[in-house]
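Let me begin by presenting the structure, written as structure tokens, before commenting on it.
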Amino acid sequence: MKSDFTTEKYSSFLEHLKYINFPIYTINDWIKTQPKNGIVLRHDVDRNPNQSIKIAKIASDLDVKGTFNFRVLKNQVDEKAVTVISKLGHEIGYHYEDLSIAKGNMDLAIELFHKNLELLRKFTEVKTATMHGRPLSRFDNRNIWEFANVTQFNLNGEAYISLDYKNLYYLTDTGRTWAETNANLRDSAMNSIPIPDTIKSTEDIKNFIDSNREASIAIVFHPERWSSNYFDLFLQTFVDFLSSTIKKILRFFR
């Protein structure tokens with residue numbers, strides 16, 4: 001499929017990075033090594049864990065390792081997806097939303113964070129965490145770090161607070177585009193380098209990297225958005241349209 005936001009397009013993007021020898025890092029590896037340039041490859045598994053397995057296998061077949069962040073809801077973890085993706089060599093991170101779950105109760109949120117993190121650790125090693133935006137909630141889950149520290153949870157870092165975004169471009173497929181969009185409520189790093197106006201599609205990112213080999217980029221994929229066939233592509237496009245419309249309405253009223 002030639003359309004954007006497909007597994008074929010995802011594969012061609014990674015193939016291009018490999019072809020030009022552009023460095024690729026997990027979140028944990030970036031925090032530990034602090035490289036001068038490269039790309040932080042992040043995947044937020046909000047829905048459809050089976051699609052995340054497909055994406056993880058594509059990356060693994062290309063000898064690429066990234067971070068896959070998993071939610072923990074109602075004391076449940078998708079054990080199959082976590083186990084399969086971890087065995088493929090990818091980093092597993094905790095995609096936390098505990099302040100939203102606790103409805104703003106900070107003490108309860110910290111308690112839930114620890115509990116849910118340890119539940120995820122029953123299936124694999126977890127060294128980083130990444131906030132889940134939870135757009136329907138009025139609470140920003142990153143606020144937990146005003147009252148807690150990653151070291152107390154035996155974590156090496158958190159995706160939004162442990163990376164120096166002053167020296168990073170932040171690209172996310174939220175809103176079904178790589179461009180800035182008002183459908184993006186929380187998936188952002190406010191102090192990151194502004195995204196060039198030329199970047200809207202995945203091909204645009206490839207072209208940008210070709211011309212900026214010394215760039216540092218944090219990129220966020222949501223695996224459920226990257227479809228494997230035309231039916232899934234049509235369905236996900238419709239879902240993304242509804243989601244973006246709701247987020248725009250929420251932004252207006254907030």
Side-chain angles (χ1 to χ4, degrees), residues 5 27 40-49 51-52 55 66-74 76-78 81 91-106 108-110 112-113 116-117 120 126 128-148 150 153 155 157-163 165 168-192 194-195 217-226 236-237 239-254:
F5 302 103
I27 294 173
V40 187
L41 185 62
R42 170 181 145 196
H43 310 80
D44 290 353
V45 185
D46 291 350
R47 300 181 299 277
N48 198 348
Q51 191 65 15
S52 70
I55 291 291
T67 300
F68 285 76
N69 296 308
F70 279 85
R71 303 166 73 185
V72 180
L73 294 172
K74 298 180 179 179
Q76 292 185 337
V77 176
D78 195 295
E91 177 195 0
I92 302 298
Y94 175 35
H95 204 27
Y96 66 94
E97 52 198 297
D98 300 290
L99 189 59
S100 293
I101 294 172
K103 297 181 180 179
N105 184 322
M106 189 60 69
L108 177 58
I110 293 172
L112 287 172
F113 185 99
N116 291 332
L117 175 60
L120 184 57
V126 181
T128 62
T130 299
M131 176 271 299
H132 174 54
R134 192 118 173 195
L136 297 183
S137 170
R138 63 187 179 91
F139 300 103
D140 188 328
N141 289 289
R142 286 171 290 199
N143 290 340
I144 192 174
W145 305 115
E146 297 175 9
F147 300 88
V150 292
F153 303 107
L155 291 169
E158 196 276 347
Y160 288 100
I161 67 171
S162 302
L163 278 68
Y165 285 99
L168 278 164
Y169 293 94
Y170 185 88
L171 295 169
T172 174
D173 62 7
T174 298
R176 206 172 188 80
T177 177
W178 295 107
E180 295 282 2
T181 170
N182 58 6
N184 185 353
L185 293 181
R186 293 201 179 99
D187 189 2
S188 63
M190 299 302 292
N191 59 341
S192 60
I195 301 171
I217 300 169
I219 192 166
V220 185
F221 291 89
H222 294 84
E224 72 271 8
R225 185 162 286 132
W226 295 78
Q236 187 58 48
T237 301
V239 170
D240 284 336
F241 172 76
L242 288 180
S243 177
S244 295
T245 301
I246 292 171
K247 288 177 181 179
K248 289 175 183 178
I249 294 171
L250 287 173
R251 179 180 288 276
F252 176 79
F253 283 104
R254 286 178 181 174

Note to self: Taking Pro223's backbone N and O only, do any of them form a donor-acceptor pair with Asn48's side chain (distance below 3.5 Å, no angle check)?
What the structure shows: no

Item checked: From Asp44 atom CG to Arg225 atom CZ, the distance as rounded to the nearest 0.5 Å -> 10.0 Å

Checklist line | Reported CG-to-OG1 distance for the pair Leu171 and Thr177, which is rounded to 0.5 angstrom | finding: 10.0 Å

Next item on the list: Sort out for me which residue in Asn69, Val126, Val77 forms a side chain to side chain contact (heavy atoms under 4.5 Å, CB included) with Tyr94.
Entry: Val126

Next item on the list: Might you work through the side chain to side chain contact (heavy atoms under 4.5 Å, CB included) test for Ile92 and Phe70, ending with a clear yes or no?
Entry: CA-CA 7 Å; Ile92 302 298; Phe70 279 85; 4.0 Å; yes

Check: Got a second to check how far Leu99's CG is from Met131's CE, nearest 0.5 Å?
Finding: 11.0 Å

Note to self: So which atom in Gly157 and which in Val150 form the shortest heavy-atom distance, rounded to 0.1 Å?
What the structure shows: C-CG1, 4.1 Å

Next item on the list: Using modelled atom types only, decide if a donor and an acceptor are shared between the side chain of Asn141 and the backbone of Ser100 within a distance under 3.5 Å.
Entry: yes

Check: Between atom NE2 of His43 and atom CD1 of Ile55, what is the distance when rounded to the nearest 0.5 Å?
Finding: 6.5 Å

Check: For Trp226 and Asp173, which heavy atoms make the closest approach, and how far apart are they?
Finding: NE1-OD2, 2.8 Å

Next item on the list: Hey, could you give me the CZ/NE2 distance between Arg142 and His132, rounded to the nearest 0.5 Å?
Entry: 12.0 Å

Next item on the list: Any chance you could measure Arg47, atom CZ, to Asp78, atom CG, to the nearest 0.5 Å?
Entry: 14.5 Å

Notebook entry, point to check: Side chains of Val220 and Thr174: closer than 4.5 Å at any heavy-atom pair?
Noted result: no

Next item on the list: Please step through side chain to side chain contact (heavy atoms under 4.5 Å, CB included) for the pair Glu97 and Leu73, ending with a clear verdict.
Entry: CA-CA 9 Å; Glu97 52 198 297; Leu73 294 172; 3.6 Å; yes

Notebook entry, point to check: So, the side chain of Glu224 versus the backbone of Gln51: is there a donor-acceptor pair under 3.5 Å, distance only?
Noted result: no

Next item on the list: Please work out whether the ring planes of Tyr160 and Tyr170 are parallel, tilted or perpendicular, with thresholds of 30° and 60°.
Entry: tilted

Check: Between the side chain of Arg71 and the main-chain N/O of Asp46, is any donor-acceptor distance below 3.5 Å?
Finding: yes

Note to self: To check you understand the geometry: which heavy-atom pair defines the closest contact between Thr67 and Gly93, and what is its length?
What the structure shows: CG2-N, 4.4 Å

Notebook entry, point to check: Is a side-chain N or O of Thr128 found less than 3.5 angstrom from the main chain of Ile27, in a donor-acceptor match?
Noted result: no

Next item on the list: Give the minimum heavy-atom separation between Tyr169 and Pro194, together with the two atoms involved.
Entry: CE2-O, 3.5 Å

Notebook entry, point to check: With a 4.5 Å heavy-atom cut-off, do Ile195 and Trp178 have their side chains touching?
Noted result: no

Next item on the list: Could you tell me whether Phe113 and Trp145 have their ring centroids closer than 6.0 angstrom?
Entry: yes

